[in-house]
Amino acid sequence: MKINFNKTLDNLIPAIIQDNETKNVLMLGYMNQEALDQTLATKKVTFFSRTKNRLWTKGEVSGNFLELISIKEDCDNDTLLVKVKPVGPTCHTGLDTCWQEANNQEFGFLSKLENTIAKRKENTDAEKSYVASLFAKGINKIAQKVGEEAVEVVIEAKDNNDDLFLSESADLLFHYLILLQAKGFELKDVVQVLKGREK
């Protein structure tokens with residue numbers, strides 16, 4: 001790394017701390033060359049504390065360390081992206097992030113869809129909501145729908161109509177997310193199982 005610590009009068013550069021697993025930004029700190037060297041040597045993220053005016057290893061008092069996974073510099077060589085495995089909450093307030101957000105795994109639009117399904121499950125107006133009507137009919141009906149959609153995906157996979165194949169794939173994924181919630185699970189639970197199989 002060729003970090004330019006000379007761009008600021010105090011020779012400090014920002015270090016963005018990101019959870020390597022969830023990809024959420026946990027906090028922002030500042031490093032000088034000594035803090036960077038100590039971080040690389042100990043594999044525990046160390047900053048230069050502007051309030052304490054000294055090196056400060058995150059977790060040195062609380063035990064909530066940030067275990068180093070990787071560090072890379074930006075295109076101007078004056079900002080660091082530090083990927084970590086947090087041990088406990090990151091914020092001094094006891095919360096996961098310094099933005100007062102939970103450090104949950106997100107899957108973009110699929111997480112938004114899961115939240116919508118959960119809301120429809122809670123506010124069960126089966127006459128207005130297709131999702132609510134499925135939950136009202138019970139687990140057998142939901143499982144049956146997943147089976148039907150899976151068969152339709154297989155049928156469309158054998159044909160040459162990509163639009164129909166993608167449409168049926170979307171239907172299968174949608175109904176599978178409903179089935180997961182009917183069984184009390186979420187997509188993150190399936191991802192954990194897949195990660196456990198990773199070699």
Side-chain angles (χ1 to χ4, degrees), residues 1-119 121-122 177 180-181 184-199:
M1 284 188 293
K2 295 180 180 178
I3 307 301
N4 188 350
F5 289 99
N6 300 320
K7 283 194 174 182
T8 61
L9 292 174
D10 52 12
N11 297 322
L12 297 176
I13 62 169
I16 300 163
I17 309 302
Q18 181 184 42
D19 187 311
N20 189 59
E21 188 77 18
T22 67
K23 307 305 180 197
N24 293 323
V25 174
L26 303 177
M27 66 172 290
L28 173 73
Y30 291 89
M31 288 186 179
N32 58 12
Q33 184 67 63
E34 194 179 357
L36 176 59
D37 291 344
Q38 186 165 317
T39 296
L40 291 170
T42 65
K43 304 300 183 198
K44 288 186 170 40
V45 177
T46 298
F47 302 101
F48 184 85
S49 170
R50 294 169 299 165
T51 53
K52 298 178 174 80
N53 197 34
R54 66 169 176 84
L55 291 185
W56 166 67
T57 299
K58 173 72 181 81
E60 65 186 27
V61 174
S62 66
N64 298 326
F65 294 102
L66 298 171
E67 296 179 357
L68 178 65
I69 302 295
S70 67
I71 299 180
K72 63 181 175 180
E73 69 271 33
D74 73 343
C75 56
D76 292 323
N77 303 104
D78 62 1
T79 302
L80 295 171
L81 177 61
V82 184
K83 294 186 179 181
V84 303
K85 177 182 178 184
V87 179
T90 298
C91 186
H92 72 281
T93 63
L95 296 173
D96 288 348
T97 79
C98 291
W99 287 270
Q100 316 304 297
E101 296 174 342
N103 186 22
N104 295 329
Q105 182 77 56
E106 293 290 328
F107 302 99
F109 175 77
L110 291 180
S111 292
K112 181 180 176 184
L113 184 56
E114 274 192 317
N115 290 335
T116 300
I117 291 169
K119 288 176 186 172
K121 179 183 178 184
E122 292 169 7
L177 291 175
L180 273 177
Q181 290 201 27
F185 297 109
E186 295 179 10
L187 195 54
K188 66 181 181 183
D189 299 308
V190 178
V191 169
Q192 283 304 115
V193 173
L194 291 172
K195 284 180 180 176
R197 297 176 181 175
E198 189 178 17
K199 294 179 181 178

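- Residues Asn32 and Phe5 approach most closely at C-CE2, 3.4 Å, considering heavy atoms.
- Taking CZ of Phe48 as the start and CE of Met31 as the end, the distance is 13.0 Å to the nearest 0.5 Å.
- With contacts defined as side-chain heavy-atom distances shorter than 4.5 Å, the pair Leu80/Glu73 qualifies.
- Taking a 6.0 Å sphere around NZ of Lys23, one finds it holds more than 12 heavy atoms contributed by other residues, nucleotides or ligands.
- Contact of the Asn64 side chain with the Lys58 side chain is registered, since non-hydrogen atoms from C-beta on lie closer than 4.5 Å.
- Without hydrogens or angle criteria, Asn24 side chain to Leu26 main chain gives no donor-acceptor distance under 3.5 Å.
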Begin from the C-alpha positions of Thr97 and Thr90 and carry the test side chain to side chain contact (heavy atoms under 4.5 Å, CB included) through to its verdict.
-> CA-CA 6 Å; Thr97 79; Thr90 298; 5.9 Å; no
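- Only one option out of Asn77, Asp76, Asp78 pairs with Lys7 in a side chain to side chain donor-acceptor pair (under 3.5 Å); it is Asp78.
- Side-chain contact check for Trp99 versus Val25: some heavy-atom pair is nearer than 4.5 Å.
- Side chain of Gln181 to backbone of Glu114: a donor-acceptor contact under 3.5 angstrom is found.
- Expressed to the nearest 0.5 Å, how far CG of Asn11 lies from CD of Gln33 amounts to 10.0 Å.
- Using a 4.5 Å cut-off on side-chain heavy atoms (C-beta onward), Cys91 and Met27 make no contact.
- Environment of CZ in Phe107: crowded, with over 12 heavy atoms of neighbouring residues, nucleotides or ligands closer than 6.0 Å.
- The nearest pair of heavy atoms linking Gln38 to Thr46 is NE2-OG1, 3.6 Å.
- To the nearest 0.5 Å, the span separating NZ on Lys43 from CZ on Phe65 amounts to 16.0 Å.
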Should Asn20 and Lys85 be marked as a side chain to side chain contact (heavy atoms under 4.5 Å, CB included) after you check the CA-CA gap, both sets of side-chain angles, and the distance that decides it?
-> CA-CA 6 Å; Asn20 189 59; Lys85 177 182 178 184; over 6 Å; no
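- Distance check: Thr79 OG1 to Asp74 CG gives 4.0 Å after rounding to the nearest 0.5 Å.
- Ion pairing between Lys52 and Glu60 fails under the 4.0 Å rule for side-chain N and carboxylate O.
- Ser62 OG to His92 NE2: the interatomic distance, rounded to the nearest 0.5 Å, is 11.5 Å.
- Counting heavy atoms from C-beta on, the side chains of Leu113 and Leu177 come closer than 4.5 Å.
- Looking only at distances, no side-chain donor or acceptor of Gln18 sits under 3.5 Å from a matching main-chain atom of Lys83.
- Distance alone, capped at 3.5 Å, places no donor-acceptor pair between the Thr22 side chain and the Asn104 backbone.
- Atom CD1 of Ile13 is separated from atom CG of Leu36 by 7.0 Å, given to the nearest 0.5 angstrom.
- Atom CZ of Arg54 has more than 12 neighbouring heavy atoms from other residues, nucleotides or ligands inside a 6.0 Å radius.
- Residues Asn103 and Pro86 share a closest heavy-atom pair of ND2-CG, 4.1 Å.
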